[in-house]
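Data block below; observations after.
This one's a predicted model, so the numbers in the text were calculated from it and none came from an experiment. Throughout, a chain's letter reflects where its sequence line sits, starting with A, and its residues are numbered from 1.
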There are 2 protein chains.
Amino acid sequence: METPAPRPRRVTINDIAAATGYAASTVSRALSRPGRVNAETRDRIQAAARELAYVPNTQARALTSGRTETISVLVSDVTNPFYFGLIRGTQQQLKAAGYAHLLIDSENSAELESHMLTKMRQSIDGAILAASRLSDRALAALAADLPLVAINRTVRGVQSVVIDSPSGIAQATEHLISLGHREIVYLSGPENSWANEARWRALSAAGGRHGLAVRRLGPFPAGRKSGSAAADALLNTGATAGIAFNDLLAIGMLTRLRERGVNVPGQISIVGCDDIFGADFCHPTLTTLTAPIEQAGRMAVSMLLARLENPAGPARSLVLPTHLTVRESTGPLPTTP
Amino acid sequence: METPAPRPRRVTINDIAAATGYAASTVSRALSRPGRVNAETRDRIQAAARELAYVPNTQARALTSGRTETISVLVSDVTNPFYFGLIRGTQQQLKAAGYAHLLIDSENSAELESHMLTKMRQSIDGAILAASRLSDRALAALAADLPLVAINRTVRGVQSVVIDSPSGIAQATEHLISLGHREIVYLSGPENSWANEARWRALSAAGGRHGLAVRRLGPFPAGRKSGSAAADALLNTGATAGIAFNDLLAIGMLTRLRERGVNVPGQISIVGCDDIFGADFCHPTLTTLTAPIEQAGRMAVSMLLARLENPAGPARSLVLPTHLTVRESTGPLPTTP
DNA sequence: CAAGAAATGGCAAACGGTTGCCGCATGTTG
DNA sequence: CAACATGCGGCAACCGTTTGCCATTTCTTG
């Protein structure tokens with residue numbers, strides 16, 4: 001009977017040490033801080049490492065050095081297409097820097113979020129928190145212990161990358177006004193979402209500046225399914241234009257409006273937020289705030305890695321511009337007969 | 001001047017040992033194999049662990065035990081929405097089992113794929129390979145060293161979960177035949193994709209059975225952008241129906257056909273594969289093969305974890321059914337005047 | 001009641017690197 | 001040429017846990 005294959009011994013620095021005649025510590029140095037040893041030594045050791053197909057053991061390295069070369073990216077819901085771009089951006093940038101990418105879904109729960117984070121604390125060098133559900137205090141406390149970048153969330157002392165919704169919302173409002181709309185409804189997303197509040201505030205402000213009526217409906221869960229309820233509620237108000245918390249909700253609304261035989265933009269105009277995958281091929285195609293989300297992911301990684309190299313550095317905060325992308329879902333005010 | 005905060009000491013089993021008066025080894029046992037110690041001892045130690053907010057260090061654990069409680073999921077392109085469902089499925093199931101989810105993008109490159117895998121080998125307990133670009137030989141060799149589950153790929157000796165495209169393609173073919181189509185074109189995806197070959201073979205076979213003309217165009221990169229070229233090529237053949245390698249390509253084709261003023265399904269019918277996010281709200285909505293991809297992700301995780309518990313177990317292979325979801329993009333053969 | 005089995009806890013050696021410190025050999029400077 | 005700095009390699013401790021082995025105590029069992 002065969003033995004059940006005892007975990008195969010992998011090549012270690014000791015094997016390289018034995019092969020080259022140097023001490024293990026010298027091998028370690030030659031590999032991880034080449035400047036510390038003689039050039040010839042370095043070459044010999046590196047050659048042997050290649051020869052033996054040596055792969056450093058990250059766990060062992062992390063144990064003493066404390067660095068794991070792993071960053072976790074937390075999203076509130078992996079299935080939300082908004083995060084696709086973000087994940088793509090972080091993935092790209094992390095891979096380029098040789099870091100591993102640990103994906104965590106916090107399921108919209110603050111408890112789960114902080115639980116996962118404490119559990120993983122020792123396995124990661126830093127984290128990128130997209131749409132964190134944590135309170136400001138909790139977030140600040142966490143940031144003191146773990147290098148962090150928050151996406152779409154600003155808290156004192158916590159690095160962040162935020163997308164400039166206020167400016168985008170203002171553009172959208174002006175666009176609607178220019179089309180003749182005088183009453184705009186905001187279809188609210190989850191109440192514990194920071195971005196949701198920011199968008200509503202921006203709309204109120206823009207409405208105030210232009211002296212028009214703005215209202216808020218909801219909250220609605222940020223999914224396509226909630227679109228039906230949102231659409232029905234919007235129709236019920238008699239308003240001629242709606243700005244949805246995000247594209248998912250907006251697309252759900254479009255579907256519902258089509259079902260009910262309501263003409264978009266003939267009878268009502270709809271604006272989304274984020275410009276996710278699908279916004280350009282839904283029907284009608286969606287006017288939306290285009291967020292440079294992939295870039296946000298890349299920037300977040302850069303800021304995080306910069307912080308890791310220089311922990312004393314300043315807590316930077318970056319604001320990325322949005323712009324309105326006008327498509328088919330917005331049009332002139334219907335002429336009342 | 002403040003000291004730059006030397007890495008904060010975290011609570012270890014030694015702290016618990018000191019606090020309770022037991023030896024570290026006993027603490028370790030009480031925590032990780034509670035049956036091995038006296039009930040009272042276990043309770044005291046676990047209470048102390050809770051008290052001190054002890055969090056086990058996974059790196060240290062991995063070093064001796066060899067198990068990291070981490071599974072990596074490799075996809076060929078994170079931005080492909082096909083993977084969203086898969087990632088969701090694996091994420092759910094892994095979290096439930098207490099495993100970490102390491103996401104890797106192989107960028108459609110076999111080299112990168114195997115490079116990442118060898119680099120990570122010691123940091124993971126197993127891997128799920130979606131759309132692997134590795135050769136059969138390389139894959140089998142890898143599987144001998146690392147517990148593996150391949151998605152949409154069958155190789156002798158490698159566990160797998162595949163989606164039953166042949167049956168789905170057959171359904172799609174019969175659907176098109178029932179609508180009167182006599183000539184079907186396959187819009188091919190990347191040549192190094194196993195699923196692409198499987199789909200084409202299935203279509204050839206189905207075509208043969210029903211005595212109709214099938215042709216193949218391409219290969220086209222599996223993205224929406226390639227849809228234009230694919231649509232133009234399809235129109236050029238004069239065929240009345242096309243089955244696209246995947247929904248991304250199909251949606252791209254719909255966009256192009258609309259641009260060119262071609263009526264779908266009035267003049268031409270389009271079928272996609274996978275039923276990704278967007279297939280139900282593009283215009284026209286897409287008839288497609290609905291793949292239980294999220295379930296595939298969950299099953300893959302289950303199979304992998306089962307294998308980890310019992311490495312000697314058989315290399316199982318699972319086939320998941322597909323079904324045709326008929327929407328607006330397919331219709332009766334246009335009546336030639 | 002003796003002998004063997006089972007339960008329980010401790011010791012110490014790993015696991016695979018990193019790093020502070022030391023010593024030797026060489027190079028630099030006045 | 002003495003005094004000192006610098007370059008380079010080795011020793012050994014350490015990171016936090018797991019685990020094989022052993023000693024003790026407590027049960028079983030004939």
Side-chain angles (χ1 to χ4, degrees), chain A residues 6-46 48-49 52-70 118-125, chain B residues 6-46 48-49 52-70 118-125:
Chain A
R7 183 153 62 104
R9 267 262 296 118
R10 316 222 164 248
V11 177
T12 73
I13 52 169
N14 295 302
D15 299 325
I16 301 181
T20 56
Y22 289 102
S25 51
T26 304
V27 174
S28 171
R29 291 194 190 98
L31 263 22
S32 47
R33 21 163 60 72
R36 179 64 173 71
V37 300
N38 183 292
E40 196 187 331
T41 307
R42 157 170 54 68
D43 292 344
R44 277 217 275 269
I45 291 180
Q46 290 185 348
L52 299 174
Y54 168 70
V55 180
N57 182 318
T58 39
Q59 339 286 336
R61 176 173 292 176
L63 204 50
T64 39
S65 70
R67 293 176 311 100
T68 59
E69 314 261 276
T70 301
T118 59
K119 183 183 154 197
M120 306 260 73
R121 177 60 192 94
Q122 306 182 63
S123 320
I124 60 182
D125 290 347
Chain B
R7 184 154 58 104
R9 268 261 298 119
R10 317 223 164 247
V11 177
T12 74
I13 53 170
N14 295 303
D15 298 325
I16 301 180
T20 56
Y22 288 101
S25 52
T26 304
V27 173
S28 171
R29 290 194 189 100
L31 262 22
S32 48
R33 22 163 61 71
R36 179 65 172 70
V37 300
N38 185 292
E40 196 186 331
T41 307
R42 160 172 48 73
D43 293 343
R44 277 217 275 269
I45 291 180
Q46 291 185 347
L52 300 174
Y54 168 71
V55 179
N57 182 318
T58 41
Q59 340 286 337
R61 176 174 290 176
L63 203 51
T64 39
S65 69
R67 292 175 311 100
T68 60
E69 316 261 276
T70 300
T118 59
K119 183 182 154 196
M120 306 260 74
R121 177 59 192 95
Q122 308 183 58
S123 319
I124 59 182
D125 290 347

If you look at every strand shown and take non-hydrogen atoms under 4.0 Å, does B/Arg42 touch a base, only sugar-phosphate, or nothing?
nothing

Rounded to the nearest Å, what distance is computed from the CD atom of residue A/Glu69 to the P atom of nucleotide C/dT18?
10 Å

Without swapping roles, check the side chain of A/Asp15 against the backbone of A/Thr12 for a donor-acceptor pair under 3.5 Å.
yes

Can you see if the side chain of A/Ser65 gets near the phosphate of C/dT19 - specifically, an N or O under 4.0 Å from OP1 or OP2?
no

Measure across A/Pro34 and A/Ser32 and return the closest heavy-atom pair with its distance rounded to 0.1 Å.
CD-C, 3.7 Å

Check this one for me: any side-chain N or O of B/Asn38 less than 4.0 Å away from OP1 or OP2 of C/dT8?
yes

What's the CZ-C1' distance between A/Arg10 and C/dG17, to the nearest Å?
16 Å

Contact class for A/Ser25 vs. all strands (heavy atom < 4.0 Å): base, sugar-phosphate, or nothing?
base

Are the side chain of A/Gln122 and the backbone N or O of B/Arg10 linked by a donor-acceptor pair below 3.5 Å?
no

Nearest-Å distance, CD1 (A/Ile16) to C1' (C/dG16)?
12 Å

With respect to the phosphate group of C/dT18, does any side-chain polar atom (N or O) of A/Ser28 fall under 4.0 Å of OP1 or OP2?
yes

Please tell me if A/Thr26 has a side-chain N or O lying less than 4.0 Å from either OP1 or OP2 of D/dC8.
no

Distance, rounded to the nearest Å, where B/Leu63 contributes CG and C/dC15 contributes C1'
4 Å

Main-chain N/O of B/Ala62 paired to B/Thr68 side chain as donor or acceptor, under 3.5 Å:
no

Is A/Arg33 close enough to C/dT19 that one of its side-chain N or O atoms is under 4.0 Å from OP1 or OP2 there?
yes

D/dC11 C1' sits how many Å from A/Arg29 CZ, rounded?
10 Å

Could you tell me whether A/Ala23 contacts a base, only the sugar-phosphate backbone, or nothing, with contacts defined as non-hydrogen atoms closer than 4.0 Å?
sugar-phosphate

To the nearest Å, give me how far apart CZ (B/Arg61) and P (C/dG17) are.
21 Å

Rounded to the nearest Å, what distance is computed from the CD1 atom of residue A/Ile13 to the P atom of nucleotide D/dG10?
12 Å

5' precedence on DNA chain D between B/Arg36 and B/Tyr54 (nearest-nucleotide basis)
B/Tyr54

Specify the separation, in whole Å, of atom CZ of B/Arg67 and atom P of C/dC15.
17 Å

Looking only at heavy atoms, the pair that brings A/Leu52 and A/Val11 closest together is O-CG2, 3.4 Å

